[in-house]
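Inspection log for the structure reproduced underneath, given as structure tokens.
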2 protein chains.
Amino acid sequence: MGTLQYAILGMLNRESMTGYDLTREFQTSLFDFWTAKHSQVYPELKSLLEKGYVEYETEISGTALKKKVYTITQQGRDAFQNWEETAYPIKPIPKDEFRLQLFFSDAMEPEMRLKQLEYHLQQHRQRLEQIRKKQEKFEVIPPKEESQFCDYLVMQGAIHREESYCSWLEECINLCQQRKIL
Amino acid sequence: MGTLQYAILGMLNRESMTGYDLTREFQTSLFDFWTAKHSQVYPELKSLLEKGYVEYETEISGTALKKKVYTITQQGRDAFQNWEETAYPIKPIPKDEFRLQLFFSDAMEPEMRLKQLEYHLQQHRQRLEQIRKKQEKFEVIPPKEESQFCDYLVMQGAIHREESYCSWLEECINLCQQRKIL
DNA sequence: AAAATACATGTCAAATATTACATGTAAAAA
DNA sequence: TTTTTACATGTAATATTTGACATGTATTTT
């Protein structure tokens, strides 16, 4: 079973919701480590339904709008817990198109390389700022029993990741400029 | 045109080689930011051939073993250079199964969460050590005109990435333990 | 009252990527 | 001399993901 299905089970384990709600979560609270579009969510829900890991009730919103509110079953809870407690070997290193461009940048004008480095630094600084805005909502570190504590941990991870990307790019820019002056 | 095709063009831009050689590069020098299996490389070479971006000559190794040695064409060089100098918006945040598990770890025993954190720290420390072994080969920072300089930059990036992953995990472990003692 | 945005659910085609299937030669080690 | 490892090239089936197509309701803004 793919990771996305466990992500869905994990969310439904917290709270029953619709495919639309799940999709929204993938665009917000899970955004810093997992994303999915609605075109992937609905088929996966169907698959989980066939496995008996989720069930749904139809609710009417307003006068005609049908909503399918999905709830995790005991079977689903068991499958989720089993995944959650399994220590999987770490996945292959994520692909990074910019690192690839940089790797080949010896074939490029030094000014162009610098321009590329500065553009990407700017992009990652923006991303970092967006994550820091989330961080500011935490006034204290939440107690470790709450799901808020987990939110805090993964958000810290996202900050670490972007900070290190930025500091690497700064280092690259320095190295490129230094050797220009000498 | 997909990124993998540009990765192949970039390698052939440095030196003519076979699909087998390319696959080996994806497992070694490009490993820290892009990978591909031979089952993906051969069809992509075929596609590049149809586009006129590469051509090949058949060489005989030994008495019977046929090798297809691919060479980039001028058209291929132009396409590559165009990609290389384009500043693409940064890609969505890479997926990370462990961060997903951690995000849901409020539903888990605190000891289990700690066990998971320590396992992943160990895995990433190992990965970091492997990259550091590559780093040790550089006695000085190579001059910026050489492709070695690019190798150095991306390798530094891989070190930054793994170091920050490890320091984040250490921070998480500390936070989990701290609150246990208090 | 109209328009725009958010809510809500799906399918389909295409691109990307992994694993397994399939075959054979060359060189090095046991 | 046999076996194993590296060299060498492909295809097929499957899984994952994205982007486009397709439709309709509810709410908010203009």
Side-chain angles (χ1 to χ4, degrees), chain A residues 1-8 11 16-28 30-31 33-51 54 56-70 88-97 100, chain B residues 1-8 11 16-28 30-31 33-51 54 56-70 88-97 100:
Chain A
M1 203 168 103
T3 305
L4 178 55
Q5 298 204 356
Y6 291 109
I8 292 172
M11 305 241 259
S16 293
M17 59 181 102
T18 67
Y20 188 87
D21 295 328
L22 284 162
T23 305
R24 203 205 299 99
E25 290 300 308
F26 281 117
Q27 287 157 7
T28 55
L30 300 182
F31 189 76
F33 47 91
W34 208 275
T35 58
K37 309 280 171 76
H38 78 277
S39 56
Q40 218 182 344
V41 170
Y42 290 113
E44 297 289 26
L45 278 169
K46 202 177 167 185
S47 163
L48 286 167
L49 193 70
E50 282 160 12
K51 290 193 185 94
V54 301
Y56 72 88
E57 276 178 28
T58 306
E59 278 186 17
I60 306 291
S61 194
T63 53
L65 188 61
K66 281 176 193 169
K67 293 207 292 184
K68 290 183 179 177
V69 182
Y70 285 87
Y88 294 100
I90 54 173
K91 292 278 177 305
I93 285 157
K95 291 181 172 141
D96 186 330
E97 187 168 16
L100 189 65
Chain B
M1 203 168 104
T3 305
L4 178 54
Q5 299 205 353
Y6 292 109
I8 292 170
M11 306 240 259
S16 293
M17 58 181 104
T18 66
Y20 187 88
D21 295 328
L22 285 162
T23 304
R24 203 204 299 98
E25 291 300 308
F26 282 116
Q27 286 156 8
T28 55
L30 299 182
F31 189 77
F33 45 92
W34 207 276
T35 58
K37 308 280 169 76
H38 78 275
S39 56
Q40 217 181 344
V41 170
Y42 290 113
E44 297 289 25
L45 278 170
K46 202 178 167 185
S47 162
L48 287 167
L49 193 70
E50 283 160 11
K51 290 192 186 96
V54 300
Y56 73 87
E57 275 178 28
T58 306
E59 278 186 17
I60 306 291
S61 193
T63 54
L65 187 63
K66 281 176 191 167
K67 294 207 291 184
K68 289 184 179 176
V69 182
Y70 285 87
Y88 294 99
I90 55 173
K91 291 280 177 304
I93 285 157
K95 291 182 171 135
D96 186 328
E97 188 169 16
L100 189 65

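Between Lys91(B) atom NZ and dG19(D) atom P there is a gap of 10 Å when expressed in whole angstrom units. Residue Tyr56(A) contributes atom OH, which lies 16 Å from atom P of dA8(C) at whole-angstrom precision. Atom CG of Leu4(A) is separated from atom C1' of dT16(C) by 16 Å (rounded to the nearest Å). One atom, CD1 of Ile60(A), and another, P of dC7(C), lie 18 Å apart when rounded to the nearest Å. The nearest whole Å value for the distance from the CG atom in Leu65(A) to the C1' atom in dA6(C) is 11 Å. Distance, Glu59(A) CD to dC7(C) C1': 14 Å, rounded to whole Å.
Partners of Glu97(B) according to the side chain to side chain donor-acceptor pair (under 3.5 Å) rule, which considers only residues two or more places apart in sequence or in another chain, are Thr3(A), Trp83(A), Lys91(A). Checked against ring pair (Phe, Tyr, Trp, His ring centres under 6.0 Å), Phe33(B) has the following partners two or more places apart in sequence or in another chain: Phe103(A). For Gln40(B), the side chain to side chain contact (heavy atoms under 4.5 Å, CB included) partners two or more places apart in sequence, or in a different chain, are Leu4(B), Ala36(B). Residues passing the side chain to side chain donor-acceptor pair (under 3.5 Å) test with Glu25(A) are Ser29(A), sequence neighbours excluded. Listed by chain and residue number, Asp21(A) satisfy the side chain to side chain donor-acceptor pair (under 3.5 Å) test with Thr18(A) (two or more places apart in sequence, or in another chain). By the ring pair (Phe, Tyr, Trp, His ring centres under 6.0 Å) test, Phe31(A) pairs with no residue at all, sequence neighbours left out. Partners of Ser16(A) according to the side chain to side chain donor-acceptor pair (under 3.5 Å) rule, which considers only residues two or more places apart in sequence or in another chain, are Thr71(A).
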Pick out the pairs of N or O atoms, protein on one side and nucleotides 3-5 of chain D on the other, that lie under 3.5 Å.
none

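Neither OP1 nor OP2 of dA20(C) sits under 4.0 Å from any side-chain N or O of Lys37(B).
For Lys46(B), the NZ atom counts as loosely surrounded, since its 6.0 Å shell holds 12 or fewer non-hydrogen atoms of other residues, nucleotides or ligands. At most 12 heavy atoms of other shown residues, nucleotides or ligands fall within 6.0 angstrom of atom OH in Tyr56(B).
Judged by closest nucleotide on DNA chain C, Lys66(A) is the one of Lys66(A) and Thr35(B) placed further toward the 5' end. Along DNA chain D, the nucleotide closest to Ser61(A) and the one closest to Met1(A) are compared, and the more 5′ of them pairs with Met1(A). In terms of position along DNA chain D, the nucleotide closest to Lys67(B) lies nearer the 5' end than the nucleotide closest to the other residue of the pair Gly62(A) and Lys67(B).
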Apply the test side-chain contact (heavy atoms from CB on, under 4.5 Å) to residues Arg24(A) and Met17(A): give CA-CA distance (whole Å), side-chain angles for both, the deciding distance (0.1 Å), then the verdict. CA-CA 11 Å; Arg24(A) 203 205 299 99; Met17(A) 59 181 102; over 6 Å; no

Which side-chain N or O atoms in residues 58-68 of chain B pair as donor and acceptor under 3.5 Å with protein atoms at least two apart or in another chain?
none

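Residues Tyr6(A) and Met1(A) have side chains in contact (heavy-atom distance under 4.5 Å, counting atoms from C-beta outward). Between Ile8(B) and Leu45(B) there is a side-chain heavy-atom pair separated by less than 4.5 Å. Contact annotation: the side chain of Thr35(B) approaches that of Lys95(A) to within less than 4.5 Å [non-hydrogen atoms, C-beta and beyond].
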B/S/- along nucleotides 10-15 of chain D (protein heavy atoms under 4.0 Å) is BBB---

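For residues 18-27 of chain A, proximity to DNA chain C is found at Thr18(A), Gly19(A), Tyr20(A), Asp21(A), defined as any non-hydrogen atom under 4.0 angstrom from a strand atom.
From one end of the helix from dA1(C)-dT30(D) to dA30(C)-dT1(D) to the other, with five pairs defining each end axis, the axis direction shifts by 40° (rounded to 10°).
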